[in-house]
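Below you'll find the structure, written out as structure tokens, and then a few comments.
The sequence lines fix the lettering, A, B, ..., with proteins before strands; numbering per chain opens at 1.
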2 protein chains.
Amino acid sequence: MPEVDDTLTNVLRRRIIDGEFAPGTRLSEISLAEKLGVSRNTLREAFRVLSEQGLVEHVPNRGVSVASPTVADVVDIYRARRYVEPAALAAGSPLHPAVTAMREAVEHGETSLEARDWRTLGTANMAFHDAIVALADSPRLERLFRDIAAELRLAFLEIDNPEALHAPFVTRNRALLETFLEQGGPAAAAELQDYLVLSERTVLGAFTRLRHG
Amino acid sequence: MPEVDDTLTNVLRRRIIDGEFAPGTRLSEISLAEKLGVSRNTLREAFRVLSEQGLVEHVPNRGVSVASPTVADVVDIYRARRYVEPAALAAGSPLHPAVTAMREAVEHGETSLEARDWRTLGTANMAFHDAIVALADSPRLERLFRDIAAELRLAFLEIDNPEALHAPFVTRNRALLETFLEQGGPAAAAELQDYLVLSERTVLGAFTRLRHG
DNA sequence: ATGGCACAAATTGTTCAACAACAACACCCG
DNA sequence: CGGGTGTTGTTGTTGAACAATTTGTGCCAT
């Protein structure tokens with residue numbers, strides 16, 4: 001269990017990712033500080049951290065608002081994912097502890113699919129990819145992915161069709177895991193490339209449909 | 001010319017990278033705020049940003065100190081570089097504007113080598129790799145590399161033999177650029193892999209020599 | 001109406017002083 | 001000499017205040 005970090009920054013982070021503040025929402029220092037029971041200065045420190053993590057956009061003299069990923073952001077996020085994830089998978093060892101996390105994420109995804117719990121399913125899918133990155137044993141790449149995944153969740157929040165967004169990838173995750181274990185990293189990496197292209201297309205499709213009609 | 005960003009965060013960032021505060025140096029809020037002519041609160045906001053960027057280490061209730069990269073950090077930094085740089089080079093187009101930046105960095109490196117200006121040479125070498133990453137056209141990967149490069153500079157600061165650290169790579173940069181232009185991205189990517197392994201070994205060698213006597 | 005222009009209101013940026021919370025250090029006692 | 005104890009210095013957080021900037025409003029002239 002990841003221990004609960006109750007710092008103000010993490011509380012805010014969770015609440016934003018959970019969709020409590022819709023993307024684009026302006027976060028007023030005064031009212032939010034009052035609501036959270038902290039001072040403006042303390043809140044501003046948390047804002048700076050979240051801003052560096054890309055969860056929040058800070059415009060000088062105009063305050064901060066919840067990040068609202070654009071199409072360009074989504075494209076860039078997937079570009080970065082294609083740089084990191086397949087390579088991590090290709091070089092990953094089947095004996096790496098992260099493989100257990102991959103397996104658990106797949107199973108967790110399958111049960112949430114049956115339960116039609118799309119929120120949980122989205123979390124499980126992300127955990128699967130997080131485990132893939134963990135294969136690389138690189139704190140810096142993990143941190144990059146953590147930030148990127150959070151941004152992507154914000155993009156998902158704006159799309160109100162979570163089933164189409166997450167459901168198709170449950171079987172793909174299972175298949176990818178099996179490819180990795182039975183045919184090795186490089187084969188799995190190739191499969192993941194296609195997977196990510198499809199995933200990007202799914203998200204971008206829903207996204208542009210959202211903006212154009 | 002990159003315009004000068006005179007925010008407190010960037011001022012501090014530059015001064016740290018330039019070695020004004022040695023790695024590991026404790027940064028007292030009170031004295032540093034006074035020295036910089038800002039309030040403690042403002043300084044703390046800058047600290048949070050720099051901490052997220054990895055330039056500074058923040059320990060709750062114990063303050064912040066300039067990051068002092070360990071061997072594990074250097075290993076991880078090079079691991080991340082090997083994930084990103086060769087792939088960016090492999091997929092990069094010779095017509096990309098960043099190629100100009102690569103060329104300029106190579107030439108800049110060659111002149112600083114003649115002048116035996118190791119500080120400038122280190123900057124030029126980093127600019128070369130920055131340009132390689134820029135080939136990927138990914139803001140997020142560029143940001144990752146920016147932070148990583150800054151951390152690496154801190155590691156360099158602790159090694160007092162900058163010539164051995166930077167000089168050998170001037171001719172390699174030139175060669176790598178030519179390989180890229182004449183034989184294409186994939187060939188250059190393979191060359192860069194070896195390059196990075198050698199570079200890592202050079203840094204780690206100097207590093208362990210430093211710690212062991 | 002419409003396009004600016006000055007003014008007013010609201011928000012962010014920054015400072016200061018104070019105190020609580022915590023860590024490191026020196027000291028004393030057994 | 002080891003272990004508690006208090007002292008000291010630092011960080012964590014707050015509240016209030018003011019400066020700087022943006023935003024909204026109403027007015028005027030065209």
Phosphate contact ([N] OP1 or OP2) by [X] side-chain N/O below 4.0 Å:
X: A:His58; N: C:dT11; result: no
X: A:Arg44; N: C:dT12; result: no
X: B:Thr42; N: C:dT15; result: yes

Atom-to-atom span, [atom1] of [X] to [atom2] of [N] - whole angstrom:
X: A:Glu34; N: D:dT13; atom1: CD; atom2: P; value: 19 Å
X: A:Glu45; N: C:dG13; atom1: CD; atom2: C1'; value: 14 Å
X: A:Arg40; N: C:dG13; atom1: CZ; atom2: P; value: 8 Å
X: A:Leu43; N: C:dG13; atom1: CG; atom2: P; value: 11 Å
X: A:Phe47; N: C:dT12; atom1: CZ; atom2: P; value: 8 Å
X: B:Asn41; N: C:dC16; atom1: CG; atom2: P; value: 10 Å

Residue [X], side-chain atoms from C-beta onward, closest of [options]:
X: B:Asn61; options: D:dT14, C:dA23, C:dT15; value: C:dA23
X: B:Ile30; options: D:dT11, D:dG12, C:dA17; value: D:dT11
X: A:Arg26; options: D:dG12, C:dT11, C:dT15; value: C:dT11
X: A:Glu29; options: C:dG13, C:dC16, D:dT11; value: C:dG13

- Item | Polar side chain donor-acceptor pair, B:Thr42 to B:Ser39, under 3.5 angstrom | yes
- Give a yes or no on whether the backbone of B:Thr7 and the side-chain of B:Asp5 come within a donor-acceptor separation of less than 3.5 Å. yes
- From the list B:Thr120, B:Asp130, B:Asn173, side-chain hydrogen bond (donor to acceptor under 3.5 Å, both in side chains) partner of B:Asn125 resolves to B:Asn173
- Query: Between A:Tyr195 and A:His129, what is the ring plane arrangement, given parallel below 30°, perpendicular above 60°, and tilted in between?
  - Reply: perpendicular
- Task: Record whether the side chain of B:Arg62 comes under 3.5 Å of the base of D:dG12 through a donor-acceptor pair of N or O atoms.
- Result: no
- Test side-chain contact (heavy atoms from CB on, under 4.5 Å) on B:Leu144 and B:Arg81 and set out the steps. CA-CA 10 Å; B:Leu144 171 69; B:Arg81 290 185 68 178; over 6 Å; no
- Assign each of B:Leu27 and A:Pro60 the nucleotide of DNA chain D bearing its closest heavy atom; nearer the 5' end lies the nucleotide of B:Leu27
